[in-house]
Structures are given as C-alpha cells and as structure tokens.
Amino acid sequence: MLLASRASTLKTPARHALLTWRPHTPEPIFYARSVSTAVHFYQNRQLEAYASKPATRMTLRQLVFFGRSMNEERLIKSANYVRTELPIRIAHRLRDMQALPYVVVTQEGVAKVYELYWTAFDKFRRYPQITTMEENDVFCEFVSNLLAEHKSVIPNLSLGLSLSSPYLLSDRLDAFMRRMLVSRISRRVLAEHHIALTKSVKSGNHSTEENVGIICTRLQLKDCIERCARYLRRRPTDVDEDSLSGPLNRAPWSEVEVDGHVDTKFAYIQEHLEYIIFELLKNSMRATRVKHSTADVLPPIRATVVASDNNVCIRLSDQGGGLVSSEIKSPSDLFSFSHVRNATRLADSRLNALRTVSTSSRGMRATVSEQVGNWQADTKDNIPADSVDPHPRIGIGLPMSNIYATYFGGSLELVSLDGYGTDVYVRLPKLGTNLEGIEL
Ligand code: COI
C-alpha cells in the first residue's frame with residue numbers, strides 16, 4: 001500500500017519505476033523497479049527480453065578483419081549488427097540502473113541519463129531491418145544524432161553519482177560506474193566504427209592500410225604523445241583554467257621528452273590512446289607547475305615507450321610532487337567516484353563544474369581527436385581560434401583513462417613518489433585479441 005502510493009508520486013525518470021522493498025541488500029530502504037502502468041508493463045517486458053540476451057562482444061582484431069574487406073553486403077550486415085546489438089547493451093545498463101537505490105535514481109544527472117537510455121533503447125528496438133545502402137544512410141544519421149545527444153552522459157552520470165556517494169557503498173558505486181562507462185565506450189565504438197566504415201565505402205576509398213573504420217592499424221605512439229604535448233603546451237588554460245593569472249603563469253610548461261622504442265606502431269583506436277595520453281600529460285604538467293611555481297625552467301616529463309611481443313607500454317614520469325595528499329590516501333583512490341575514497345567528489349567547485357558541463361549544449365567532447373585531430377589537420381603548430389578544451393577539468397580524466405586502458409585488456413597504474421613526482425604506467429595489448437571488457 002505504502003509502496004503503491006509512493007509510486008504514484010514518482011516524477012521523471014521514475015515514470016518506469018515502482019518502489020519495492022529488497023530486504024537482502026544492505027543499502028537504504030526503497031528501491032526503484034519497473035513498472036507503474038500497463039504501458040510500462042509492456043515496455044518492461046521488452047526490456048527484460050533484451051536484457052536477458054548476452055552481448056556479442058568483439059575483439060579489436062575482429063573489428064579490423066571484418067572492416068578490412070568491406071563491400072555493400074558486409075556493410076548492411078554491420079548496420080544490422082549495430083541495430084540489434086546496441087539495444088541489448090543499453091538494456092543491461094537500464095536494468096542496472098533500475099536496481100539502484102531510489103535515492104540514487106532520482107539524483108540530478110542520473111535521472112537524465114536514465115531517460116536518454118530509455119528513449120534510445122526504445123528507438124533501437126523499433127528500428128526496422130536495414131536492407132539497402134539508402135536505408136543504411138538513414139540509419140547512420142539516426143545513430144549520429146543519438147551519439148550527439150548522448151554527449152552529456154558522462155558529466156551527468158558523474159554529477160549524479162558524486163551526489164549519491166553518501167548513500168552507496170563505495171565498492172558498489174565504483175562497480176556500477178565502471179559497468180556504465182565501459183558499456184558506453186563499447187556502444188560508441190560500434191556505432192562510430194560503423195559510421196566510419198560507411199563513409200569509406202561511400203567515398204570509394206575503402207579502408208586503407210592505415211585506417212579501418214575508427215581503428216588506426218599503424219598508430220605511432222611517439223607521434224601521439226608529441227601531438228598531445230604540443231597541444232597542451234600551447235593551451236595552458238586547458239591544463240589549468242587559472243593559469244593565465246597568478247604565480248602559475250611564471251614559467252613555461254614542462255617539455256615532454258620521448259625515449260625508448262620510439263618507432264613503435266600498433267593497431268588501436270586513436271581517440272582512446274589520445275584520451276589517455278592527453279589526460280595524463282595534463283595532470284603531470286599541472287602538478288609540475290604547481291610544485292615548481294617559482295622556477296623559470298620546469299623539469300621535463302619523460303615518456304618512455306616500450307614494445308614487447310604482446311604489449312606496448314608507456315611510462316610517464318614527472319617531478320610534480322606525487323599524488324598522496326590529505327584528501328587522497330592512495331593513488332588508486334583517484335579512480336574512485338565515491339566521496340569515501342576521494343573527498344574531492346563532493347567539493348562544490350567540482351559539482352558546479354559538472355553542472356555547467358552537463359547542461360551545456362556542447363556537453364563533453366567525445367574524443368580528444370575531435371579537437372587534436374582538427375588541429376593536426378590544420379597545421380602542426382596552429383590551434384584554431386575556436387578550439388575548446390576537449391576535456392574540461394571535472395575530475396574524471398583519471399578514472400576514464402583507466403577505463404579506456406582496460407577496455408581491451410590493458411592496464412593503468414599510478415606510482416606516487418611522495419614529495420618528488422609520479423610515474424604512470426600504461427599497458428595496452430598489441431595483438432588486439434582480447435574481447436571488449438564489458439560486463440553483463
Ligand atoms: C552513449 O553515448 O551513451 C550511447 O549509448 C550511444 C549510443 C546510443 C549510440
């Protein structure tokens with residue numbers, strides 16, 4: 001009775017929600033669960049049907065092999081794979097959200113994401129089979145629009161989960177966030193790969209040796225590191241928004257010196273690698289500048305690249321003083337979205353920054369390449385006047401880099417040499433044979 005009356009007062013996004021009691025779980029009393037009306041009962045049966053199917057996971061190598069010998073028939077097959085696979089992956093995450101404590105689902109940000117996912121799920125599941133190239137064009141436009149609409153997902157989720165962190169055990173919060181973010185990366189990879197394959201087939205310029213869809217088959221690590229470093233050194237406000245005033249503006253930013261196996265090339269998604277390198281260098285540059293605020297010349301950041309039979313590794317070493325502080329007890333706490341492990345999650349400045357980004361029409365740029373790539377296409381040293389920070393400082397660079405690194409089976413580790421600097425180790429599998437790291 002109590003539950004029924006509470007359910008009838010639910011607002012967005014819990015139009016699909018009915019309060020229910022789950023005595024076996026440790027968190028607060030009321031939980032959101034489907035469904036309050038006959039319509040939603042039907043819709044929820046659809047959700048159950050999709051959520052009960054396993055995702056068909058891919059390896060990087062499969063994406064390359066399938067995309068390499070593209071023709072119209074294979075492209076239509078790819079379109080229908082995206083059409084049927086994405087609603088399954090979204091359905092898993094909607095079920096995950098429905099299992100959250102009610103107080104979490106109704107938080108600003110989480111509510112918005114739930115609505116976006118429900119709408120996308122419903123549109124995908126109703127989308128008719130694609131049989132011609134013309135229908136594929138319309139499908140690509142449909143998917144592109146969804147990709148744009150979903151740009152605000154990460155800041156919204158981060159905001160909602162930060163606000164919810166007093167109500168969720170930190171392990172549960174981080175596991176949930178990880179599933180959400182990995183799954184989002186996976187959906188965007190499939191969608192963007194298909195759109196890129198379509199463009200190359202239509203241009204008659206089928207996948208080249210270098211690029212297959214969104215995968216660069218000979219991605220040069222040194223170039224990528226230097227590109228991100230040049231960009232950051234010329235855009236100090238992207239490293240720190242206060243950098244144009246005050247003592248931080250005294251010295252130029254650190255140089256980045258690349259050594260080791262500098263000719264290493266491997267097949268990878270350029271945007272993912274750039275995101276990781278960009279965020280790590282941004283942190284190192286800022287920390288070095290803060291630590292040596294009165295120095296005229298800053299110590300360099302050393303990037304060492306090493307290729308073995310199975311992996312490529314990058315070690316970034318800075319002299320920015322290390323990571324452990326009164327707020328951060330262990331470097332791995334920087335990967336956490338919970339205020340218990342990372343008190344800065346509830347800092348007003350961070351919440352306000354998240355609010356601004358999550359409601360801006362631009363949302364977050366999906367990739368560094370969108371920015372760094374445009375700039376690169378222009379000239380090597382000319383950053384367009386309208387360029388914007390690909391990833392504003394909202395406190396998710398490290399957790400997201402960790403998720404990008406682990407997505408195809410790699411790793412990211414931080415070692416703090418307290419008082420001196422930080423070493424970051426990124427390992428990425430070279431053979432592309434690991435399945436995507438999504439969980440059901
Ligand atoms: C996302 O960006 O969160 C997505 O799920 C994108 C997908 C709907 C194409």
Side-chain angles (χ1 to χ4, degrees), residues 13 46-47 50-51 53 55-58 63 78-98 100 105 109-127 130 136-161 176-199 213-214 269 271-272 275 337 354 357-370 390-391 394 396 399-400 403-404 407 436-440:
Q46 297 293 331
L47 183 69
Y50 278 84
K53 296 180 195 169
T56 308
R57 294 187 295 159
M58 291 285 171
L63 291 173
S78 163
N80 283 305
Y81 166 68
V82 172
R83 179 183 66 85
T84 52
E85 182 66 15
L86 262 52
I88 294 174
R89 295 187 185 203
I90 297 173
H92 290 151
R93 299 294 63 90
L94 281 167
R95 291 292 289 123
D96 228 1
M97 294 180 88
Q98 290 181 346
L100 286 170
V105 188
V110 182
K112 169 102 188 285
V113 172
Y114 187 90
E115 283 293 329
L116 280 171
Y117 281 176
W118 186 274
T119 307
F121 165 71
D122 214 37
K123 286 183 178 169
F124 268 114
R125 96 181 157 78
R126 292 171 193 274
Y127 205 100
I130 297 138
N136 180 49
D137 287 347
V138 179
F139 179 65
C140 285
E141 201 180 325
F142 161 77
V143 176
S144 298
N145 289 338
L146 282 174
L147 285 167
E149 266 175 42
H150 283 229
K151 276 189 175 176
S152 66
V153 161
I154 292 180
N156 270 301
L157 260 186
S158 313
L159 175 64
L161 269 288
F176 167 79
M177 201 58 178
R178 183 178 166 79
R179 287 194 298 278
M180 293 297 286
L181 295 174
V182 172
S183 174
R184 177 176 189 267
I185 291 175
S186 79
R187 293 189 303 270
R188 292 186 84 90
V189 163
L190 298 185
E192 286 167 358
H193 193 59
H194 175 68
I195 292 170
L197 290 174
T198 299
K199 280 186 188 147
I214 57 166
I269 300 174
E271 303 160 5
H272 291 194
Y275 184 101
F337 287 88
L354 279 168
V357 177
S358 62
T359 52
S360 90
S361 56
R362 164 168 92 80
M364 274 222 339
R365 299 227 160 221
T367 65
V368 171
S369 296
E370 276 183 356
H391 299 283
I394 51 175
I396 59 164
M400 279 307 294
I403 284 171
Y404 275 119
Y407 175 53
E436 301 167 273
I438 48 172
E439 294 170 43
L440 299 185

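No experiment lies behind these values; they were computed from the predicted model shown. Start at 1 and go down the list; that is how both ligands and their atoms are numbered.
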Parallel, tilted or perpendicular: ring planes of Tyr275 versus Tyr404, cut at 30 and 60 degrees | tilted
Test salt bridge (charged side-chain N to carboxylate O under 4.0 Å, His left out) applied to Arg187 - qualifying residues, sequence neighbours left out = none
Excluding sequence neighbours, so at least two apart, what forms ring-ring contact (aromatic ring centres under 6.0 Å, His included) with Tyr117?
-> His150
N or O contacts of ligand 1 with protein under 3.5 Å, please list pair by pair.
{"from": "ligand 1", "atom 1": "2 (O)", "to": "Arg184", "atom 2": "NE", "distance (Å)": "3.3"}
{"from": "ligand 1", "atom 1": "2 (O)", "to": "Arg188", "atom 2": "NH1", "distance (Å)": "2.5"}
{"from": "ligand 1", "atom 1": "3 (O)", "to": "Tyr117", "atom 2": "OH", "distance (Å)": "2.9"}
{"from": "ligand 1", "atom 1": "3 (O)", "to": "His150", "atom 2": "ND1", "distance (Å)": "3.2"}
{"from": "ligand 1", "atom 1": "3 (O)", "to": "Arg184", "atom 2": "NE", "distance (Å)": "3.3"}
{"from": "ligand 1", "atom 1": "3 (O)", "to": "Arg187", "atom 2": "NH2", "distance (Å)": "3.3"}
{"from": "ligand 1", "atom 1": "5 (O)", "to": "Arg187", "atom 2": "NE", "distance (Å)": "2.7"}
{"from": "ligand 1", "atom 1": "5 (O)", "to": "Arg187", "atom 2": "NH2", "distance (Å)": "3.2"}

Ring centre gap for Phe142 and Phe124 strictly below 6.0 Å = yes
Donor on one side chain, acceptor on other, Thr198 and Asn136, under 3.5 Å = yes
Please name all residues satisfying side-chain contact (heavy atoms from CB on, under 4.5 Å) with Thr84, sequence neighbours left out, ordered by chain then number.
-> none
